[in-house]
2 protein chains.
Amino acid sequence: MPTASTRSTPSPTGLQCRMALLGADVRLTPHRREVFEVLASSTDHPTATDVFDRVKARTPSISLATVYNCLEHLTSAGLIKQVHLERGQSRYCANLHEHVHFHCETCGKVIDAHPAADFDPAKFWVLPKGTKVTRMDIAIHGTCDACAAKS
Amino acid sequence: MPTASTRSTPSPTGLQCRMALLGADVRLTPHRREVFEVLASSTDHPTATDVFDRVKARTPSISLATVYNCLEHLTSAGLIKQVHLERGQSRYCANLHEHVHFHCETCGKVIDAHPAADFDPAKFWVLPKGTKVTRMDIAIHGTCDACAAKS
DNA sequence: ATGTAAAATTAGAATCATTCCAATTCTAAT
DNA sequence: ATTAGAATTGGAATGATTCTAATTTTACAT
């Protein structure tokens, strides 16, 4: 099923670019590349086992341990992000644009939502002085359109 | 818009009031009361086992299963909140005022931070139409003053 | 008071996600 | 080609949480 012609999102070259831009310090092994590509072409914030299943479709020999390992390296290289919306499995996403996650509490779906304008989060909360902010995680929980319609 | 903040150890009576106000549907058993009191007098966002240890100091016979059970009931009654800052243990907090969590990635400390003014989160992100928002979780990650000073 | 049904509590087993480990294979630079 | 350092692997180990089935407590009707 994986044909080069249907390759969506970033090509390996795109990945290399991205890595260069980010000064990412990861060796680009075939497995890591595949894990990244699966993630880059997914918009549903898959869990580690979701990624495992998808990568396995192309590379049946890969192990779950390797997927975890790849996800960890890609995360610490800044190429992907780990998302924690609720207890249980971590989810992963390759969307590095500033965004927040909408989480439907009924069907579990996760949707990226983008800031309305030039939103500067830092100025909205009073933090103790001396605090250094590195990142923010914003999760909006509720009911998606489809689930809201059903009830 | 929030009321004057009296953030001290709520008395059992305070808890009853709170329950009444919230229309909370939990039977107020001694264990649940103790779990709630431990949480209400903690500002460090303890984990379930932290709560277990603290409650056990007063009620050595309590079991971890009961603590989990109490935390779940108190959470679904809206008396406390479950917090997920990173993967691993859930944390709990009894501060129901609107606030966000600052998480120090160095020492793990969690600090409540309050919105600067009349902050209306809903208007900052573009959500698909039909979406119904029930709550937001905002986590700010970084380095606390003390840890920043050390490095 | 007493009996009863429902809810709470318990210890321990089971589950689930993740991490660790030790052995093997691959890679990149001598 | 050699070799050290990574990457990968399967499986074991861990840690947090949930489940289960038995027991106790509670609220309420009698």
Side-chain angles (χ1 to χ4, degrees), chain A residues 12 15-16 19 24-39 45-77 79-93 103 108 110, chain B residues 12 15-16 19 24-39 45-56 58-77 79-93 108 110:
Chain A
L15 174 51
Q16 306 247 32
M19 288 176 68
D25 179 28
V26 239
R27 215 147 94 178
L28 188 53
T29 68
H31 284 158
R32 288 177 188 174
R33 185 190 299 250
E34 293 232 46
V35 166
F36 181 83
E37 283 181 17
V38 159
L39 222 43
H45 305 78
T47 63
T49 50
D50 292 338
V51 172
F52 178 51
D53 292 340
R54 293 175 199 181
V55 171
K56 217 159 48 168
R58 301 195 201 184
T59 308
S61 67
I62 200 169
S63 77
L64 181 55
T66 299
V67 170
Y68 270 107
N69 183 308
C70 292
L71 289 170
E72 192 208 301
H73 284 267
L74 293 169
T75 301
S76 62
L79 291 166
I80 63 174
K81 287 196 296 192
Q82 208 180 26
V83 183
H84 300 115
L85 293 165
E86 45 179 355
R87 81 159 309 291
Q89 293 160 275
S90 300
R91 296 173 166 279
Y92 296 86
C93 95
H103 174 232
V110 179
Chain B
L15 174 50
Q16 306 248 31
M19 288 176 68
D25 180 30
V26 238
R27 214 147 94 180
L28 186 54
T29 68
H31 284 158
R32 288 179 187 173
R33 184 189 299 251
E34 292 230 46
V35 165
F36 181 83
E37 283 181 18
V38 158
L39 220 45
H45 304 78
T47 62
T49 49
D50 291 337
V51 172
F52 178 51
D53 292 341
R54 292 175 201 180
V55 171
K56 215 158 50 168
R58 301 195 202 181
T59 308
S61 66
I62 200 170
S63 79
L64 181 56
T66 298
V67 170
Y68 269 106
N69 182 308
C70 292
L71 289 169
E72 193 207 302
H73 279 90
L74 293 169
T75 301
S76 62
L79 291 166
I80 62 175
K81 288 196 295 194
Q82 208 180 27
V83 184
H84 301 115
L85 294 164
E86 45 179 354
R87 78 157 312 288
Q89 295 161 272
S90 300
R91 296 174 166 276
Y92 297 85
C93 95
V110 179

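It should be emphasised that the depicted structure is a prediction, and the values quoted were computed from it without experimental measurement. Proteins come first, then strands; the chains are lettered A, B, ... in the order of their sequence lines, and each starts at number 1.
- Nucleotide C/dA23: paired with D/dT8 (Watson-Crick or G-U wobble, both distances less than 3.5 Å).
- The side-chain contact (heavy atoms from CB on, under 4.5 Å) with A/V35 is formed by just one residue from the set A/I80, A/V51, A/T29; it is A/V51.
- Spacing between atom OH of A/Y68 and atom P of D/dA13 amounts to 19 Å, rounded to whole angstrom units.
- Straight-line distance from the NE2 atom of B/H31 to the P atom of D/dT25: 10 Å, rounded to whole Å.
- With distances taken from any side-chain atom of A/S63 to the nucleotides C/dT19, D/dT18, D/dT9, the minimum falls on D/dT9.
- Distance CD (A/Q89) to C1' (D/dG15): 16 Å, rounded to an integer number of Å.
- Atom CD1 in A/I62 sits about 14 Å away from atom P in C/dC26, given to the nearest Å.
- In this structure, A/L28 places its CG atom 18 Å from P of C/dC26, rounding to the nearest Å.
- Between C/dT9 and B/T29, a contact under 4.0 Å exists linking OP1 or OP2 to a side-chain N or O.
- Pairing for C/dA29 is with D/dT2, a Watson-Crick or G-U wobble pair whose two hydrogen-bonding atom distances lie under 3.5 Å.
- Residues A/H45 and A/H103 have side chains not in contact (no heavy-atom distance under 4.5 Å, counting atoms from C-beta outward).
- Residue B/S90 is in sugar-phosphate contact alone, with no base atom involved, counting any heavy-atom pair closer than 4.0 Å across all strands shown.
- Comparing A/C70 and B/A65, the nucleotide of DNA chain D nearest to each residue sits closer to the 5' end for A/C70.
- The phosphate of D/dA7 (OP1 or OP2) has a side-chain N or O of A/R32 nearer than 4.0 angstrom.
- For B/R33 and C/dA8, the CZ to P distance is 15 Å, given to the nearest whole Å.
- For B/E72 and D/dT17, the CD to P distance is 12 Å, given to the nearest whole Å.
- Looking only at side-chain heavy atoms (C-beta outward), B/L71 and B/L39 come within less than 4.5 Å of each other.
- The side chain of B/L64 approaches D/dT17 more closely than any other nucleotide in the set D/dT17, D/dA7, D/dG10.
- Counting non-hydrogen atoms under 4.0 angstrom, B/S61 reaches the backbone sugars and phosphates but no base.
- Formation of a donor-acceptor pair under 3.5 Å by the A/N69 side chain with backbone atoms of A/T66 is not found in this model.
- In this structure, CG of B/D50 is placed 10 Å from P of D/dA16, rounded to the nearest angstrom.
- Taking every side-chain heavy atom of A/T66 into account, D/dT8 is the closest of C/dA8, D/dT8, C/dT19.
- Along DNA chain D, the nucleotide nearest to B/P30 and the one nearest to B/R91 differ in position, and the one closer to the 5' end is contacted by B/R91.
- A donor-acceptor contact closer than 3.5 angstrom links the side chains of A/T59 and A/E34.
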